[in-house]
Amino acid sequence: MFEELFTDGSTIERYRVASLLCERLRWFGHRADSGVRRTTLRTIAVHQIHLVRLLGLQAGDRVGIVRVEAAAERWCDRAGAAAPQPTEPDARQKFVGRATRWLRFAGMFEEASCCSRHAHAGEVAAFARWMRTERGWSEQTVRVCCNAADDFLDRLDARGIALRSVRMDDIDGQIASWQARGLSWGSLRCNAQRLRTFFRFAEDQAWSMAGLADGITPPRFLPGETPPRGLGREEFVRLLATTEGERPVDRRDRAMLMLLITYGLRLDDIDWAEERLQVRCPKPGRTHLDPPSHGVGQTVLRYVREVRPPRPERALFLTLSAPIRPITVSTIGSVVHRRANRIGIAAGRRRGPHALRHGTGQRPS
């Protein structure tokens with residue numbers, strides 16, 4: 001395997017004699033079978049050998065995320081012997097991601113305890129079930145709401161305050177602590193809304209004092225900061241213009257952006273059998289059924305026929321390079337950000353998928 005990735009004999013030997021050879025080779029085989037390119041395999045090999053050396057890994061070791069992140073920091077600082085200079089801005093995150101995926105595959109990753117750090121794991125689990133089953137919210141929404149609740153409950157435990165004894169001062173203190181960490185106006189607003197959702201549920205369950213949820217409000221703006229503005233119609237047109245090429249990625253992104261801009265759709269809301277758009281509105285609990293407009297329908301159809309990999313997944317939008325998998329929310333955000341940067345939309349503006357879904361989303365008459 002190493003002979004296919006490197007040409008220098010001493011380099012090949014260095015990779016062969018490093019510890020965990022069998023574990024590393026099994027991961028290479030798994031990734032190669034999934035269609036990963038040779039250049040990516042070479043990067044994986046580089047990350048593996050530096051992780052092994054920086055942490056002194058041996059067979060049977062178990063490694064948690066804290067040690068992996070520490071190794072990534074040392075690697076980016078070139079503390080490891082002969083470590084290549086990381087040139088990408090997200091080099092550290094990629095190192096951590098590749099390292100944890102390999103360690104999980106090898107059975108060496110020590111997952112964080114399933115028990116929360118605070119004493120209210122059961123309450124947060126019930127909150128998550130309610131969001132999924134009663135509200136129909138996406139896993140991404142469930143996760144971020146639980147994160148906000150966990151953060152608040154951690155602070156409660158550290159101060160020795162019971163959930164049933166929470167007062168508005170405690171909630172205001174949590175919002176102030178988020179602000180002290182440097183969260184933007186938008187992040188503060190979202191976290192306050194998530195905390196409000198948790199307390200509405202907690203009040204219904206009689207876990208906390210009534211009336212707290214209605215009192216949770218984020219600061220209207222931070223000193224020296226104004227709320228971010230969304231995109232205007234002219235900017236939507238310019239954003240779509242960046243997808244007018246014939247490359248597969250342009251065709252895919254154009255179909256994706258047109259659905260988001262025109263209908264505000266979630267990406268699994270197409271009923272192929274009935275040739276209509278099934279627009280789920282889980283928060284008010286309604287569903288709209290509409291035939292797609294001709295322009296949007298033709299764009300999506302062209303993507304499906306000419307670009308979309310022939311895979312069995314129900315997801316409409318997939319990655320175009322191996323490993324093929326459904327596009328995630330973060331990938332959609334990256335697409336929008338990258339194309340917004342190309343046309344010079346200021347960094348202070350709202351530029352993610354929600355800016356498209358809520359900016360001009362409209363149902364055709």
Task: Spatial distance of atom CE (Met108) from atom CZ (Arg62) [nearest 0.5 Å] - done: 9.0 Å
TODO: Identify the heavy atoms of Val68 and Phe109 that sit nearest to each other, and give their distance.
DONE: CG2-CE1, 4.4 Å
Task: Sub-4.5 Å side-chain heavy-atom contact between Leu41 and Arg31 - done: yes
Open item on the list: Quick check: Phe127 with Phe199 (ring centres under 6.0 Å apart)?
Closed with: no
TODO: Quick one: closest heavy-atom pair of Tyr15 and Ala45, and the distance?
DONE: CE2-O, 3.2 Å
Open item on the list: So which atom in Trp102 and which in Glu23 form the shortest heavy-atom distance, rounded to 0.1 Å?
Closed with: NE1-O, 3.3 Å
- [ ] Please work out which of the three classes, parallel, tilted or perpendicular, describes the rings of Trp207 and Phe201, given edges at 30° and 60°.
- [x] perpendicular
Open item on the list: Treating Ser208 as the side-chain partner and Arg164 as the backbone partner, does any N or O pair qualify as donor plus acceptor under 3.5 Å?
Closed with: no
Task: Arg159 with Asp170: basic N within carboxylate O range, under 4.0 Å - done: yes
Open item on the list: Donor-acceptor check, side chain of Ser165 to backbone of Ile161, threshold 3.5 angstrom: yes or no?
Closed with: no
Open item on the list: Is there a side-chain contact between Arg53 and Arg14 in this structure, where contact means two heavy atoms from C-beta onward sitting under 4.5 Å apart?
Closed with: yes
Open item on the list: Could you tell me if the side chain of Leu103 sits less than 4.5 Å from the side chain of Leu51, heavy atoms only?
Closed with: yes
TODO: Measure across Val142 and Trp137 and return the closest heavy-atom pair with its distance rounded to 0.1 Å.
DONE: CG2-O, 4.1 Å
Without placing hydrogens or testing angles, list every side-chain donor-acceptor pair under 3.5 Å for residues 252-260, not counting sequence neighbours.
residue	atom	partner	partner atom	Å
Arg252	NH1	Leu318	O	3.4
Asp253	OD2	Arg339	NE	3.1
Asp253	OD2	Arg339	NH2	3.0
Arg254	NH1	Leu240	O	3.0
Arg254	NH1	Thr243	OG1	3.1

TODO: Please report the shortest heavy-atom distance between Arg200 and Ala213, naming the atom on each side.
DONE: CG-CB, 3.2 Å
Open item on the list: Is there a side-chain contact between Val304 and Leu316 in this structure, where contact means two heavy atoms from C-beta onward sitting under 4.5 Å apart?
Closed with: yes
Open item on the list: Checking Ser177 against Gln174: is there a side-chain donor and acceptor pair closer than 3.5 Å?
Closed with: yes
- [ ] May I ask you to check whether Phe317 and Tyr303 place their ring centers less than 6.0 Å from one another?
- [x] yes
Open item on the list: Minimum heavy-atom separation for Val52 and Ser19, please, with both atom names.
Closed with: CG1-OG, 2.9 Å
Open item on the list: For a quick check under 3.5 Å, do Trp130 and Asp204 share a side-chain donor-acceptor pair by atom type?
Closed with: no
Task: Contact check, side chains of Asn191 and Asp151, non-hydrogen atoms, under 4.5 Å - done: no
